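Below, read A as the first sequence line, B as the second, and so on, with proteins coming before strands; counting in each chain starts at 1. Scope of the values below: all heavy atoms of this structure, side chains included, with no hydrogens, waters or symmetry mates. Just so you know, these numbers come straight off a predicted model, no measurement behind them.
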4 protein chains.
Amino acid sequence: MPQQEPVDQWIKEIIKMSDEKMTEKQLKIVHAAVEVFAEKGYASSSTSEIAQKAGVAEGTIFRHYKTKKELLIAIVSPMMSKLLAPFVLNDFKEVLETDYPTLEDFLYAVAVNRMNFARKHLKIIKILLQEIPFQPMLQKEFKEHIGSRVFNRFTEILEHFKAKGEVVDLPTPALLRFSSTAMIGLFVTHFLVLRDSPWDEEQEIRHTIRLIMNGMAAK
Amino acid sequence: MPQQEPVDQWIKEIIKMSDEKMTEKQLKIVHAAVEVFAEKGYASSSTSEIAQKAGVAEGTIFRHYKTKKELLIAIVSPMMSKLLAPFVLNDFKEVLETDYPTLEDFLYAVAVNRMNFARKHLKIIKILLQEIPFQPMLQKEFKEHIGSRVFNRFTEILEHFKAKGEVVDLPTPALLRFSSTAMIGLFVTHFLVLRDSPWDEEQEIRHTIRLIMNGMAAK
Amino acid sequence: MPQQEPVDQWIKEIIKMSDEKMTEKQLKIVHAAVEVFAEKGYASSSTSEIAQKAGVAEGTIFRHYKTKKELLIAIVSPMMSKLLAPFVLNDFKEVLETDYPTLEDFLYAVAVNRMNFARKHLKIIKILLQEIPFQPMLQKEFKEHIGSRVFNRFTEILEHFKAKGEVVDLPTPALLRFSSTAMIGLFVTHFLVLRDSPWDEEQEIRHTIRLIMNGMAAK
Amino acid sequence: MPQQEPVDQWIKEIIKMSDEKMTEKQLKIVHAAVEVFAEKGYASSSTSEIAQKAGVAEGTIFRHYKTKKELLIAIVSPMMSKLLAPFVLNDFKEVLETDYPTLEDFLYAVAVNRMNFARKHLKIIKILLQEIPFQPMLQKEFKEHIGSRVFNRFTEILEHFKAKGEVVDLPTPALLRFSSTAMIGLFVTHFLVLRDSPWDEEQEIRHTIRLIMNGMAAK
DNA sequence: TATGAATGAGAGTTCATTCAT
DNA sequence: TATGAATGAACTCTCATTCAT
C-alpha cells in the first residue's frame, strides 16, 4: 500500500486557497461564473447570466472585477499554479527519496493526489484549458512562472534515473513528453471524454504507471 | 526505411475533399473563416471580420451558410472523419500484414501520414478540438459515426497481438488509452504547445513508438 | 325567386380580367404573392419566399415588377374597381327599375353577386383592406376614381326613394352609412371573422336586407 | 337628456390603467411605439425609429421588452379588454334597467362612452385591428377571454327583448350582427375612414341607434 | 427572358460596461 | 457596498434589389 499522506501534506502547506477576504456576494459571483464559463465557454457566457445565477445585480460583478476578462483571470490563473504546485516544491525530490520505497509508489501517490485535486476543481481546469489558447496573459504566466520550473524539475529527476541506469537512454525531452502525456491522457480521457463511465481508479492509475515505467525501463 | 506509399494510397482513395461545387467566393469565405476561428475561437469571431477578410459582403456568407454555426459545422465536421478515416478502413489490417515487415514500421507509416495530414489541416483541427465540448452536434457525430468504429478497430488489433503473446496482458482499454494518448500527446505537444520549436520529426516519432511498444511488450 | 342573371350580365360585360398578356411565370408569381401577402401581410412577406413558392428565381420577380410594392399594387389595385364596378355602372338604376319587382329583390341580387365575387377573390380583398391604410396610392385611387362615384350613385338612389316617401326622412349620409355598413358587416363577419362557421347564405342575406329596409322604412 | 354618468362610473371603477411601475423612459418608449406602429404598421416599423422618437437608446427598448413583438403585445393586448370591458360587467343589465328610462337612452349612453374611449385610444385601437389577423396570440385572447363573453351578454339582452315582444322575431345571431356592425360601422367610418370630416356626433349616434331600433322593432 | 450569386443597408437583438441612486 | 436602468457599439441575420451570365 502506498503512503499517501506525505504528498498531501507538503501540498496543503503550500497551497493557500486565498478564498478569504471575499464577501459573500463575491463568492457567489465566482461560483456562478465557474458554472457558466464551464458550460458555455468564456466567450459565450454573459455577465448578465452570471449575475442572475449568482443572485446579484449586474453592476455588482463590475464592482469586484473591472472587466469580464478580469473575472476569468481571477478564477483561472490561481488554478494553474495550484495544479502544478507540488512539482515545483523544493523538497519534491527529497520526499521522493525519503518517503517512498519505489518510484512507482511515489508516482502513484502523486497521481492520486492530483487526480483528487482535479476532480474537485474540474470545471475550473476545463475553463483553463479552453482559454489558454486565447489568453496571452495565461500563456505568459505558464511560460514564465510555472511551465519551465516544472519542466526543469522533471528533467532533473529523469536524468537522475537515467544516470542510475534505471531509465532507457533516449533523449530526456522525449521521455518527459512520453511519460507526462500518457499520464495527462489518463486524466483527460477520464474527466473530459469518458465522464460518465464507471472505472476503478486505482487500477487504471496503476496500469498506466506500469506501462510508462515499462516503456522507459532500461533493457 | 519504412514504406510510406501504401498507407498514403488507401487514404487518398477514400477521402474525397468535396470542395467541388463551391463558388470562388464561398471558398474565400471558408478560408477566411478557418483563419479567424482558429485565431480567436468560434464564439469570439465575428461574421463581419470573416467577410472582410474574405473580401466579400457580409450577406454573402449567409447566402451560403444559413447561420454562423452552420459555417462552423461545414468546416469542422468533415475534418473529423477525414482525420480518423484510415483507422476505419476495412483493409487496415490487411495492409498492416502484407505491406510492413514489423508492427513498428507500420505504426511509423501511419504516424507520419497522419502527422502530415494534421500539419496541412492544423487550424481546422484546432477549431475542431476547441468546439467539440460546446457543439452537441459534433459530439453526436463523433460518438455515432466515427469514435466507436475506431475504438473497435484498435481493440481488435490490440487483442490480436495480445493473443499472439506479443503484448502484455493488461486490460485492452488501458492499453488502448495508453498507446493512443502517448501518440496524440506527441502531436499535441508538437503542433499546439511547442509550435515553434525545431525538431527532428522522424526521430521523435520513432522514440515515441519505441516507448509505447516497450511499455506494452510482453515481458 | 330573385332574378340573378341581369346583374351578373352587366357586370361581366364591364369587368375585364386583364390576366391576359401574362407569361406563365408571371401568373405563378402573382398567385404565390397573393398567397404569401394574405398569410403574412405585405410587409412581412419576402420576395424570396414568393419566388420559391412560385418556383421562379428571385430575379424573375423583378423582371416583371420593378419593386415589391409595384407587385402589391399590380395585384391589389384592379381589385378595388372590380369590387365596386357594378355600383358605378351607368345603367345601374335602369336595371333596378326594369328587372326587379321590388327593391329588396334587387338588393338581394346585388348582394349575392358581390358575395360570390368576394368569395372568389377573398385573399386579394383581405390584402387590399390591410394595405389601404399604408398605401397612399391606393387611398388616392379610391378617393379619386371610385369612392366618390359609388357614393354619388348611392346617394342618388336613396334620395330617389326618400322622394317617393318610401324611406324615412333622415340625413342621406346617415342612411347611406347605416345601410352600407350593415351590409359590409355581413360580409366581414362571414368572410373574415367567422370564416369556418356554417351558414345559410340566402337566409342571412335576406335577414340583413330586411333589417336594413325595416330600419329605413318611412313610418 | 340621457344620463351619462352611471355608465362612466362603473367603467372607470373596473378599468385600471396599470401604467404604474413604468420608468419614465419606458413610458416614452410606449408612446413612441404607438405613434410609429399606428403610422407605418407594426411590421414596417423599426425599433431604431421608435428609440429615436422616444429619445432613448435602442438597447433600452430591449431591456423592457424582450422582443419587438412583446412590445406590440404589451401595448395592444390590454386595449382589447378595456375596449369591451363594460359589456362584460356583471351589473350591465342592472344598470340598464335601473338608470335609464328607455333602451335607446341606454344605448346612447354606452355609445357615447365607448366613442370617447375610442377617441382617446384611437391609435392603439387601429394597431389592434391591423394586427389581429397576424398575431395568433391576440386572436386567442379575443376568443378565449373576451369575445365569447361579450357575445353571450348581448345574446342574453336581445333575447330578453324578443321575449318581451319588443324585437322582431329573427334569429338572434342575425340581430346581433346587424346591430353591432351598424354601430361599429359608425365608429369605423368616423374614426378611420372620414377622419377629418366635421360631424355632429350626438346627431349621428342618435340616427344610427334609431335606424337600428327601427330595423329590429317588432312590427 | 430567366437566373441566382452577390450585395449592402438596415433589421432586431445582445451585452459588457457605466453611473446615479 | 450594491443596485439596475441605461447605454451604444457590435453582433448575427434578412432582404429588396442588381447584374453578369
Side-chain angles (χ1 to χ4, degrees), chain A residues 23-26 28-29 43-52 54-72, chain B residues 22-26 28-29 43-52 54-71, chain C residues 23-26 28-29 43-52 54-72, chain D residues 22-26 28-29 43-52 54-71:
Chain A
T23 68
E24 188 202 356
K25 301 236 168 194
Q26 204 172 349
K28 277 189 195 164
I29 289 169
S44 299
S45 302
S46 76
T47 49
S48 90
E49 185 180 353
I50 294 169
Q52 198 186 332
V56 146
E58 283 204 61
T60 307
I61 292 178
F62 291 90
R63 292 243 131 239
H64 295 286
Y65 306 93
K66 274 205 289 287
T67 64
K68 185 186 164 193
K69 185 168 284 172
E70 195 177 275
L71 172 60
L72 170 71
Chain B
M22 276 195 176
T23 67
E24 185 204 355
K25 303 242 168 189
Q26 199 172 352
K28 278 190 196 163
I29 288 168
S44 298
S45 303
S46 78
T47 49
S48 92
E49 184 179 353
I50 294 169
Q52 199 185 332
V56 146
E58 208 171 343
T60 308
I61 294 178
F62 293 94
R63 276 230 135 240
H64 296 288
Y65 305 94
K66 276 204 286 287
T67 64
K68 185 187 164 194
K69 184 169 284 170
E70 197 177 272
L71 172 59
Chain C
T23 68
E24 189 203 355
K25 301 236 169 195
Q26 203 172 350
K28 276 189 195 164
I29 289 169
S44 299
S45 302
S46 76
T47 51
S48 90
E49 185 180 353
I50 293 169
Q52 198 186 333
V56 146
E58 282 204 62
T60 308
I61 293 179
F62 292 90
R63 291 242 132 240
H64 296 286
Y65 306 93
K66 274 205 289 289
T67 65
K68 185 185 164 195
K69 185 168 285 171
E70 196 177 273
L71 173 59
L72 170 72
Chain D
M22 277 194 176
T23 67
E24 187 204 353
K25 303 242 169 191
Q26 200 173 353
K28 277 190 195 163
I29 289 168
S44 300
S45 303
S46 78
T47 50
S48 90
E49 184 180 353
I50 293 170
Q52 199 184 332
V56 146
E58 207 171 343
T60 308
I61 293 179
F62 293 93
R63 277 229 133 241
H64 296 288
Y65 305 93
K66 275 204 286 286
T67 63
K68 185 185 165 196
K69 184 168 283 169
E70 197 177 271
L71 172 60

Once pairs are restricted to Watson-Crick or G-U wobble with both distances under 3.5 Å, how does DNA chain E read as a dot-bracket string, [ ] for crossings and | for other-strand pairs?
.||||||||||||||||||||
Lys68(C): partners by salt bridge (charged side-chain N to carboxylate O under 4.0 Å, His left out), with sequence neighbours left out
none
Test salt bridge (charged side-chain N to carboxylate O under 4.0 Å, His left out) applied to Lys28(C) - qualifying residues, sequence neighbours left out
Glu24(C)
Glu70(C) side-chain N/O to Lys66(C) backbone N/O, donor-acceptor pair under 3.5 Å:
yes
In whole angstrom, give the distance that lies between atom [atom1] of [X] and atom [atom2] of [N].
| X | N | atom1 | atom2 | answer |
| --- | --- | --- | --- | --- |
| Lys28(D) | dA5(F) | NZ | P | 16 Å |
| Phe62(D) | dA10(F) | CZ | C1' | 14 Å |
| Glu70(D) | dT14(E) | CD | C1' | 15 Å |
| Lys68(B) | dC13(F) | NZ | P | 8 Å |
| Lys66(D) | dC15(E) | NZ | P | 14 Å |

Close N/O contacts between protein and nucleotides 2-4 of chain F (under 3.5 Å):
unit_1: dA2(F); atom_1: OP2; unit_2: His64(A); atom_2: NE2; d: 3.0
unit_1: dA2(F); atom_1: N7; unit_2: Arg63(A); atom_2: NE; d: 2.9
unit_1: dT3(F); atom_1: OP1; unit_2: Lys25(A); atom_2: NZ; d: 2.9
unit_1: dT3(F); atom_1: OP2; unit_2: Ala57(A); atom_2: N; d: 3.3
unit_1: dT3(F); atom_1: OP2; unit_2: Thr60(A); atom_2: OG1; d: 2.4
unit_1: dG4(F); atom_1: N7; unit_2: Gly59(A); atom_2: N; d: 3.2

Where each residue is assigned the nucleotide of DNA chain F containing its nearest heavy atom, which of Thr67(C) and Lys69(B) is assigned the position nearer the 5′ end?
Lys69(B)
If you round to the nearest 0.5 Å, how far is NZ of Lys25(B) from OG1 of Thr23(B)?
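Here the rounded value is 8.5 Å.
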Measure the NE2-CD1 distance between His64(B) and Ile29(B) for me, rounded to the nearest 0.5 Å.
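Separation between the atoms: 5.0 Å.
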Side chain to side chain donor-acceptor pair (under 3.5 Å) with Ser45(B): which residues, sequence neighbours excluded?
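With neighbours one apart ignored, the set is empty.
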What are the two closest heavy atoms between Ile61(B) and Thr47(B), and how far apart are they?
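Closest heavy-atom pair between Ile61(B) and Thr47(B): CD1-O, 3.4 Å.
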Which ones in residues 43-52 of chain D lie close to DNA chain E, meaning a heavy atom under 4.0 Å from one of its atoms?
Ser45(D), Ser46(D), Thr47(D), Ser48(D)
Using distance alone, with no hydrogens and no angle criterion, decide if Ser48(C) and Glu58(C) have a side-chain donor and acceptor under 3.5 Å apart.
no
